[in-house]
Amino acid sequence: MISHIVLFRPKPSLTAPEREALIDGIRRAIAGIPQIRRASIGRRLLLGRAGYETQMAEHYEYSAIVEFDSEADLRAYLDHPAHDDLGRRLFTNADAVLAYDFIETPLDKL
């Protein structure tokens, strides 16, 4: 399985309705691309503990995790028109974005 992981921070100037429209746009794009095996959007949970939370160089408020069965499925997703629209929307409305792709390997296979 391949995971496409996106961390993002909306611009502080976005109003609450604009933030919700951004998240809804992500939901719609994810729902319209058939190669996606599973997807989730999350908001960062801060526990208020010393340690790893305080060592992060930047705070990303949201994550989107999109999973695929194959590299071909990931490539089809990245080439899909809904993803193009989503990318424009995200980079227009976000203060910062990180995106990474990972091939998952069971721990006993490492």
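For this chain, numbers begin at 1 and follow the sequence in order. Since this is a predicted model, take the numbers as computed values, not measurements.
Every pair tested for ring pair (Phe, Tyr, Trp, His ring centres under 6.0 Å) that includes a residue from residues 19-40 fails, sequence neighbours excluded, so the list is empty. Applying the ring pair (Phe, Tyr, Trp, His ring centres under 6.0 Å) test to every pair with at least one member in residues 17-49, sequence neighbours left out, gives no pairs at all. Among residues at least two apart or in separate chains, salt bridge (Lys or Arg N to Asp or Glu O under 4.0 Å) pairs with a member in residues 62-73 are R37-D69, R38-E67, E71-R75. Screening residues 22-48 for ring pair (Phe, Tyr, Trp, His ring centres under 6.0 Å), with sequence neighbours left out, gives no hits.
Residue I103 qualifies as open at atom CD1: its count of foreign heavy atoms under 6.0 Å is 12 or below.
R44 pairs by the side-chain contact (heavy atoms from CB on, under 4.5 Å) definition with L46, E53, M56, H59, not counting sequence neighbours. Partners of E58 by salt bridge (Lys or Arg N to Asp or Glu O under 4.0 Å), not counting sequence neighbours, listed by chain and number: R9. Applying the salt bridge (Lys or Arg N to Asp or Glu O under 4.0 Å) criterion to E61, with sequence neighbours excluded, gives R19, R43. When the salt bridge (Lys or Arg N to Asp or Glu O under 4.0 Å) test is applied to D84, no partner is found at least two apart in sequence or on another chain. Considering only residues two or more places apart in sequence or on other chains, D24 meets the salt bridge (Lys or Arg N to Asp or Glu O under 4.0 Å) condition with R27. Scored by the ring-ring contact (aromatic ring centres under 6.0 Å, His included) test, H83 finds Y77 as partners (sequence neighbours excluded).
Side-chain contacts under 4.5 Å among hydrophobic residues (ILVMFWY), followed directly or transitively, place F102 together with I5, L7, Y60, I65, L98, Y100.
The shortest non-hydrogen separation linking A99 to H4 is CB-CE1, 4.4 Å.
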Enumerate, atom names and distances included, each donor-acceptor pair closer than 3.5 Å involving a side-chain atom of residues 85-95, sequence neighbours excluded.
residue : atom : partner : partner atom : Å
T92     : OG1  : R88     : O            : 2.7
N93     : ND2  : R89     : O            : 2.9

